[in-house]
2 protein chains.
Amino acid sequence: MANISESIEQFIIATMGDNDFVDISRNSLAEYFSCAPSQINYVLDTRFTVDRGFVKESRRGGGGFIKISRIKSSDTNAYLNGLVLESIGDELSYKRMIQILDKLIADGLMNKKESELVEASLSEDSLSMPFTIKDKVRAKAFKNVLLKLMITK
Amino acid sequence: MANISESIEQFIIATMGDNDFVDISRNSLAEYFSCAPSQINYVLDTRFTVDRGFVKESRRGGGGFIKISRIKSSDTNAYLNGLVLESIGDELSYKRMIQILDKLIADGLMNKKESELVEASLSEDSLSMPFTIKDKVRAKAFKNVLLKLMITK
DNA sequence: TGTAATTTGACCATCTTTGACTAATGGTTT
DNA sequence: AAACCATTAGTCAAAGATGGTCAAATTACA
């Protein structure tokens with residue numbers, strides 16, 4: 001954990017604990033970690049994303065705040081279907097796939113090992129094909145993984 | 001130990017000791033040995049290979065790292081390795097992959113769900129690419145799955 | 001002496017950190 | 001109210017910090 005961003009991420013997650021949400025103050029957090037306030041935004045933008053299962057709300061001015069909430073995926077299949085139909089288009093980068101896999105784990109739809117097997121199957125190295133259709137193939141393949149998840153349970 | 005590469009190799013191995021992985025910083029190591037950073041990559045590429053029982057992961061940017069893991073030698077891994085090196089060549093048909101997956105389940109190395117996820121990832125439909133590179137891609141991808149099985153857990 | 005292995009360096013890709021400038025909100029003062 | 005001010009948060013681009021790739025130059029060795 002050599003960089004501040006990761007520490008901040010861990011701190012926020014720890015603070016949230018088992019709760020559904022947590023309120024933070026951007027400036028206080030920045031001061032606590034001796035970093036630029038905008039770094040808090042960076043952490044929020046790169047780590048507390050929808051793909052990873054979080055939504056954010058905030059307000060500026062006196063008494064301002066940033067509220068981070070966990071997305072509850074109550075209707076699993078509707079959620080997976082949303083991923084298949086909307087979030088994933090015709091192409092899917094490796095990086096984005098990892099984000100989605102992380103979220104599937106967070107939602108309890110997969111465990112680490114399962115995720116790693118899919119990751120190994122569809123990594124950049126695995127899909128070492130002569131053309132630049134990697135992302136297209138990955139998109140199609142990963143949709144099949146999600147589809148399988150819907151019926152496997 | 002006439003050349004630097006060998007020293008670097010020994011240093012990394014010594015640092016790893018009995019652990020099953022080690023984190024290194026490319027730049028620090030290069031500085032320590034007064035060599036070009038890319039020489040670290042050279043050492044990694046020529047000595048810490050899969051054939052020699054290592055797998056690598058890395059991240060760039062602040063707090064970046066290179067993680068080298070040791071594939072533990074066990075009967076299981078010897079068996080998986082056999083599959084990688086012998087049974088699977090440059091091409092792997094869907095049918096044959098299913099056979100191997102079934103065997104992995106029978107041997108207790110995977111469960112049904114895990115198998116199905118891999119199957120979904122590398123099915124004929126998923127690998128919808130022009131012409132006959134399907135089996136080549138599947139071979140490479142599936143080898144990565146087996147590799148992952150070796151270091152997972 | 002010719003081939004393979006090693007060493008270097010220029011250039012690239014990715015992730016993080018910082019800071020200047022902007023926008024919104026609530027309270028205070030006219 | 002309207003104007004003003006203090007207090008927050010947001011955006012974005014530049015700089016910094018790593019690791020990756022590739023090929024030319026050099027060295028080792030059979």
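Naming: A, B, ... by sequence-line order, numbering from 1 per chain.
In this structure, CZ of Phe33(A) is placed 15 Å from C1' of dT16(C), rounded to the nearest angstrom. Atom P of nucleotide dC22(D) and atom CD of Gln39(B) are separated by 18 Å, given to the nearest angstrom. Nucleotide dT25(C) holds its P atom 16 Å from the CG atom of Asn27(A), rounded to whole Å. Note: CZ (Phe65(A)) to P (dT25(C)) measures 10 Å, nearest angstrom. The distance between atom CG of Leu44(B) and atom P of dT21(D), rounded to the nearest whole Å, is 11 Å. One atom, CZ of Arg60(B), and another, P of dT17(C), lie 17 Å apart when rounded to the nearest Å. Here the P atom of nucleotide dG19(C) and the CD1 atom of Ile4(A) are 11 Å apart, to the nearest Å. Atom-to-atom, CG of Asn3(A) to C1' of dT18(D) comes out at 11 Å; the value is rounded to the nearest Å.
As judged by a 4.0 angstrom heavy-atom cut-off over every strand, Gly64(B) is placed among residues touching the sugar-phosphate backbone only. Residue-level contact check: Ser38(B) touches the bases, meaning some heavy atom is under 4.0 Å from a base atom. Counting any heavy atom pair closer than 4.0 Å across all strands shown, Lys67(A) reaches no nucleic acid atom.
Screening residues 10-29 of chain A for ring-ring contact (aromatic ring centres under 6.0 Å, His included), with sequence neighbours left out, gives Phe11(A)-Tyr32(A), Phe11(A)-Phe33(A).
The Ser5(B) side chain lies nearest to dT7(C) when the options are dT17(C), dT7(C), dG19(C). Of the candidates dC15(C), dT21(D), dG9(C), the closest approach to any side-chain atom of Arg59(B) belongs to dC15(C). Of the listed nucleotides (dG10(D), dT18(C), dG9(C)), dG10(D) has the atom at the smallest distance from the side chain of Ser58(A). Of all nucleotides listed (dT17(C), dG19(D), dT18(C)), dT17(C) comes nearest to the side chain of Tyr42(A).
Of the residues near DNA chain C, Gly63(A) and Pro37(A), the one whose nearest nucleotide (by heavy atom distance) lies more toward the 5' end is Pro37(A). With DNA chain D read from its 5' end, the first of the two nearest nucleotides for Gly61(B) and Ile66(A) is the one closest to Ile66(A). In this structure, Ile40(B) and Cys35(A) both approach DNA chain C, and ranking their closest nucleotides by distance from the 5' end singles out Ile40(B).
One can find a donor-acceptor pair under 3.5 Å joining the base of dG10(D) and the side-chain atoms of Arg26(A).
Residues Phe65(B) and Ile40(B) do not share a hydrophobic cluster, defined by chaining ILVMFWY side chains whose heavy atoms lie under 4.5 Å apart.
Side chains of Ile68(B) and Ile24(B) form a contact here, defined as non-hydrogen atoms less than 4.5 Å apart.
In terms of phosphate contacts, Asn41(A) brings no side-chain nitrogen or oxygen within less than 4.0 Å of OP1 or OP2 of dT11(D). OP1 and OP2 of dA5(C) both lie 4.0 Å or more from every side-chain N or O belonging to Arg47(B). Of the side-chain N and O atoms in Lys95(A), none sit less than 4.0 angstrom from OP1 or OP2 of dT14(C).
Here Tyr42(A) contributes atom OH and Ile8(A) contributes atom CD1; the two are 10.5 Å apart, rounded to the nearest 0.5 Å.
A salt bridge does not link Glu119(A) with Lys112(A): none of the charged nitrogens is closer than 4.0 Å to a carboxylate oxygen.
Under a cut-off of 6.0 angstrom, the local environment of CD in Glu31(A) is sparse, with at most 12 non-hydrogen atoms contributed by other residues, nucleotides or ligands.
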